[in-house]
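Here is the structure we will look at, set down as structure tokens.
Proteins get letters first, then strands, A, B, ... in listed order; numbering begins at 1 in each. Here the structure is a predicted model, which means the values were calculated and not measured.
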2 protein chains.
Amino acid sequence: MTTTGEGTESELVPTPVTKAADLPAATVRRLPEYLRALSALTDAGVETVSSETLAATCGVNSAMLRKDLSQLGASGMRGVGYNAAALATHIAGVLGLTDDSRVAIIGLGHLGQALARYPGFSNRGFDVVGLFDADQGIIGKDLDGVRVRDVALLAEAVRDEGINIGVIATPEAAAQHVADLLVDAGVTSILNFAPCVLAVPEGVAVRKVDLAVELQILSFHEHHKTLGRQETGTVK
Amino acid sequence: MTTTGEGTESELVPTPVTKAADLPAATVRRLPEYLRALSALTDAGVETVSSETLAATCGVNSAMLRKDLSQLGASGMRGVGYNAAALATHIAGVLGLTDDSRVAIIGLGHLGQALARYPGFSNRGFDVVGLFDADQGIIGKDLDGVRVRDVALLAEAVRDEGINIGVIATPEAAAQHVADLLVDAGVTSILNFAPCVLAVPEGVAVRKVDLAVELQILSFHEHHKTLGRQETGTVK
DNA sequence: ATGTGTGAACTGGTTCACAGCC
DNA sequence: GGCTGTGAACCAGTTCACACAT
């Protein structure tokens, strides 16, 4: 079974480790936002940024930002702030973005095609190297330079092309099967857009994005605003 | 059913209130998943379901499910379980799905077009009645029976067509402007796909979906898995 | 016997407030 | 002065375990 991480190599090292082994999940969720804000700042020529300023642009509390950053071994200068460029590099390193991840998208309906062409992926360190579908009408089609292949070739491609993230954009009915294919081929990170819960073995990370769920949550707030008085429903 | 009609505050009322006024955010997030699982069950002919079973299909702890349900005034029968159909109806009522929400999508690039045609919206009680863009090359185009209009007509349409949810699928640069338009037109629920933090007044609910962020979170886990095992761990 | 409903314990996450360094 | 780093207080969310209804 998937060996549960056992990085015994650096246990004796006495230094304040830069290693970000087990960050709280809540912290990890916020890192990409920090990174994006920092990129915007450095692009604008900013060199140093205070936790107060950065937190404001990310919509979070400054104390939380500082705690998050200290948890990953990043450090600012007291009285000054953080070096924006260095901090961005550090966060990118913690997130493992230094070498591009190789992504396969399975299911090239409207959503899958949109994902395949989504500039935010390539812009932020993700190479979409594989597109797969079961529909002969789509197989062979070229999307921004990547040809759609038969899903039967998925396992081979995962091995040969070092794909390490699978994005499932199939209909619900096919999602679990595709997940099984990915897992069998050795993929341990899956992003699932199908509206269903996937069963995967331990050690495989699955994140689910259900577009309709987001609308339903908004619907709840909308519904309860219109019930009686208005409510401060500003959620994140 | 769902007598959630009264909008009056009920602090003095001694009865076990059916009111789902301020549900914990964590509970609200899970309701759509419960609803989806229940729909699947009723479609399969199931009449009664235990918290244990339902929780398993939703991937949550059964005690949490029971607590969630009791918090919205739903009730099962001790020793038996929950009536699947009645529970589904009740949750739908709490989420405000009894009358379809009217959705506008702004920005019809690849992602916006995919959203416009996403079957999960109409299937789950959302009417996409408005499509808007600023690009003359897209305005006028017909997407599954809905014509793309000039974003200049957005405010008018919001008022005339009772649009109450806005979905922003524009590039980052336009997102805040569109959000302002929506807010000015009276929309208080926004789903934002642009990778930026929107500034909105109190009382406006914004949910953000950043597709790249999800990949970055997966990247983190992937990165830290491979710190322990350096070869791609194709373990079965 | 079975499975809900819920107080109580627990875990994780956020905010506060201030000591310490620049 | 200004701002980071962090213990302590606080709060939300989750799990446990069991009384109680059917």
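Using a 4.0 Å cut-off between a side-chain N of Lys or Arg and a carboxylate O of Asp or Glu, B:Arg36 and A:Glu172 qualify as a salt bridge. A:Glu52 and A:Arg66 are not joined by a salt bridge, as no carboxylate oxygen comes within less than 4.0 angstrom of a charged side-chain nitrogen. Under the 4.0 Å criterion applied to side-chain N and carboxylate O atoms, A:Glu214 and B:Arg29 are not assigned as salt-bridge partners.
The distance between atom CZ of A:Arg66 and atom P of C:dC16, rounded to the nearest whole Å, is 11 Å. Look at CZ on B:Arg78: it is 17 Å from P on C:dT2, rounded to the nearest Å. Distance B:Leu69 CG to D:dT14 P: 14 Å, rounded to the nearest Å. The separation between B:Leu72 atom CG and C:dT4 atom P is 15 Å, rounded to whole Å. Atom pair A:Asp68:CG and C:dT14:P shows a separation of 8 Å (rounding to whole Å applied). Taking atom CG on A:Asn83 and atom P on C:dC22, their separation rounds to 16 Å, with Å as the unit. As rounded to whole Å, 11 Å separates atom P of C:dT4 from atom CG of B:Leu87. To the nearest angstrom, C1' of D:dT22 lies 10 Å from CE of B:Met77.
Comparing B:Ser51 and A:Ala26 along DNA chain C, the residue whose closest nucleotide (by nearest heavy atom) sits nearer the 5' end is B:Ser51. Nearest-nucleotide mapping onto DNA chain C: of A:Ala25 and B:Glu52, the residue sitting toward the 5' end is B:Glu52.
OP1 or OP2 of D:dG13 has not a single side-chain nitrogen or oxygen of B:Asn61 nearer than 4.0 Å. Between B:Arg30 and D:dT14, a side-chain N or O to OP1/OP2 separation shorter than 4.0 Å is present.
Closest to the side chain of A:Lys67, from the set C:dT15, D:dC20, D:dA17, is C:dT15. For B:Pro24, counting side-chain heavy atoms from C-beta on, the closest listed nucleotide (D:dG13, D:dT4, C:dT6) is D:dG13. Of the candidates D:dT14, D:dT4, C:dT6, D:dT14 carries the atom nearest the B:Met64 side chain, counting heavy atoms from C-beta on. With C:dA8, D:dT6, C:dG5 as the candidates, the nucleotide lying closest to the side chain of B:Tyr82 is C:dG5.
Ring orientation note: the planes of A:Phe121 and A:Tyr118 are nearly perpendicular, at an angle over 60° on the 30°/60° scale.
Residue B:Ser75 is in sugar-phosphate contact alone, with no base atom involved, counting any heavy-atom pair closer than 4.0 Å across all strands shown.
No hydrogens or angles considered: nothing links the side chains of A:Glu222 and B:Ser101 as a donor-acceptor pair under 3.5 Å.
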